[in-house]
Amino acid sequence: MEKNIAIDLKSFAGFISYEEVMALAKQSVRHLDALNSGTGAGNDFLGWLSLPEDIQKQLDKIEKRAEHIRSVSDTTVVIGIGGSYLGARAVIEALAHSFAPLLRSKKHEVLFAGQNICEDYISDLTEILEDRDYSIIVISKSGTTTEPAIAFRILRDHLEKKVGKDRAAERITAVTDSSAGALRSLADLNGYESFVIPDDVGGRFSVLSPVGLLPVAVAGTDIRKLIEGARDMELITRRNRDAVNNPALLYAAARNLMLQTGRSLEILVGFTPKLRYFSEWWKQLFGESEGKEGKGIFPASAEFTTDLHSLGQYIQEGQRIIFETILLISETEKKVTIALEKDDYDQLNYLAGKRLSEVNHCAGEGTILAHNEGNVPVIRINIPVLNEYYIGQLIYFFETACAVSGYILDVNPFDQPGVEAYKKNMFALLNKPGFEEAGKKLREKLK
Ligand code: PA5
């Protein structure tokens, strides 16, 4: 078994030669240098580069708070959106039992809020929370984002009515800026335990800060192993100017060559539902970092073999603008073998004695061959096993590759100016103070 996650270009080489990938990867060493010297665009948001090291001193505090939360409550609601939500959910769902909410032996459940404004969702959630002894972790770097702020107002009120204002305050943890924003003010005013999001770490690069680590620790995951994986990947990628052995450079180069040859849609594929939210995290990472100035690859995701029975048709034969990045896991943690049946009515005896992972592996290889035949290049990423350590590696790998890829595209990978457009319109339509005139104009347009 490989020791680290690794990029494999054998199902890609038929479309773009290894030499071309290597040439762009070598040219991109300068982007890695720009990251390390802080001379590239967005250089005030590079704190994530050294998070695996810098976070060490906070791990005790995070673990202690997580232990406390687990000891006083059976459920935690994590409130946040975007970068203040997806990383935690990605790690928790990748490592949790597939039916965690239904596990009778489960000690602590993590639920999410503030990632939408759906009235039914929050109403259903408060209904569930009636019977739960719950805590809240509210996460917002700016401390002013509308969706989590609304969810926090509703759930804070619910919790205060349920257990009283003082006990509610003990059960609320805020993760936010050190001094700015409404959430910081609320935390200081009410004496909530709080954690700081470093100024130089942007939302989608913050999963290895308290933003991701506190909820992940509350879910019962070993955050030290996660950080150890990220740390080892930092050694492999961050200052490694040897392009052949730097998977972040190879991946950034390969996907940009795809774009340069007209393939503007990348699908991240996993062969397990456990990676569903990891793909959501990845989509935000690449989508918000690259999609600007009319540039970027559109990041999509699929879950195979499930989606081979839906999107599979399009991928095989639709518009040829697609390439895939497929996450392949070598070893599963659990074993299920297909039994031999005397009568073989379902005609599956040819599979008797095989493990499901073997069948899944053949489905994977068969899919890659078919998609290659259908003119879809595939970048393989091999993961030895889905555990804390390798998820930590994957996170740091994708973050570094994303930053390099943004620099190849000549955009600032660390801002997201486009996110403001919908917010301004929403505020105007809601008559937020200061937006009244804009509101009038928008209502005219909607007539
Ligand atoms: O990556 C980002 O910066 C964004 O996705 C933010 O994380 C998201 O908008 C939430 O912002 P905040 O943490 O300020 O509530």
Side-chain angles (χ1 to χ4, degrees), residues 41-49 51 77-91 112-117 122 136-156 172-187 192 194-216 277-292 296 299 301 395-396 398-403 405-406 411-427 432:
N43 56 5
D44 40 353
F45 283 101
L46 296 177
W48 59 274
L49 277 167
L51 264 182
V77 185
V78 178
I79 300 175
I81 196 166
S84 292
Y85 155 65
L86 286 164
R89 190 157 193 179
V91 177
F112 295 90
Q115 81 279 32
N116 59 56
I117 330 175
I122 200 88
I136 293 175
I137 300 175
V138 52
I139 308 171
S140 175
K141 182 167 184 199
S142 61
T144 56
T145 307
T146 311
E147 292 90 335
I150 293 173
F152 186 42
R153 179 183 276 216
I154 293 168
L155 294 178
R156 188 171 69 240
I172 294 172
T173 311
V175 184
T176 189
D177 187 81
S178 61
S179 56
L183 182 56
R184 170 51 60 197
S185 311
L186 271 172
Y192 304 148
S194 70
F195 290 82
V196 169
I197 308 174
D199 284 346
D200 58 356
V201 176
R204 57 190 173 277
F205 288 83
S206 69
V207 54
L208 301 175
S209 79
V211 170
L213 295 183
L214 182 63
V216 164
Y277 273 90
F278 190 84
S279 298
E280 295 302 318
W281 170 82
W282 173 91
K283 285 196 281 194
Q284 188 214 0
L285 181 68
F286 281 88
E288 272 193 352
S289 300
E290 295 189 327
K292 49 198 76 160
S301 66
I395 288 170
Y396 198 91
F398 275 127
E399 287 180 346
T400 310
C402 179
S405 189
V411 297
N412 175 356
F414 306 111
D415 67 2
Q416 54 285 328
V419 179
E420 295 311 311
Y422 97 92
K423 289 186 192 171
K424 279 188 200 140
N425 288 348
M426 178 176 75
F427 294 151
K432 184 173 175 171

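Ligands are counted one by one from 1 in listed order, and the atoms in each one are counted from 1 as well. Everything numeric in this text was worked out from a predicted model, so none of it was measured.
Relative ring orientation between Phe152 and Tyr192 is described as perpendicular, the plane-to-plane angle rising above 60° on a 0-90° scale split at 30° and 60°. Using bins of under 30°, 30° to 60° and over 60° for the plane-to-plane angle, the ring pair Tyr85/Phe112 lands in the perpendicular bin.
For ligand 1, the atoms lying closer than 4.0 Å to a non-hydrogen atom of Gln416 are 3 (O). Of all atoms in ligand 1, listed by their number and element, those nearer than 4.0 Å to a heavy atom of Ser84 are 7 (O), 12 (P), 13 (O).
The CG atom of Asp200 sits 11.0 Å away from the CZ atom of Phe414 when rounded to the nearest 0.5 Å.
Side-chain contact check for Arg184 versus Ser194: some heavy-atom pair is nearer than 4.5 Å. In this structure, Trp281 and Ile395 have side chains that are in contact, with non-hydrogen atoms separated by less than 4.5 Å. Within the 4.5 Å cutoff, no side-chain heavy atoms of Lys141 are placed close to those of Ser206.
Considering only non-hydrogen protein atoms, atom 3 (O) of ligand 1 sits nearest to Gly203 N, 3.5 Å. In terms of protein heavy-atom proximity, atom 8 (C) of ligand 1 is closest to Ile81 O, 3.7 Å. When hydrogens are left out, the protein atom nearest atom 11 (O) of ligand 1 is Thr145 OG1, 3.5 Å; that is the closest non-hydrogen contact. The nearest heavy-atom contact from the protein to atom 5 (O) of ligand 1 is Gln284 NE2, 2.6 Å. For atom 2 (C) of ligand 1, the closest heavy atom belonging to the protein is Glu288 OE1, 3.4 Å.
Scanning both residues, Ser209 and Leu51, for their nearest heavy atoms gives N-CD1, 3.9 Å.
Any N or O atom pair closer than 3.5 Å counts here, and Gly83 shares at least one such pair with ligand 1. Looking at ligand 1, you'll find an N or O of Lys141 within less than 3.5 Å of one of its N or O atoms.
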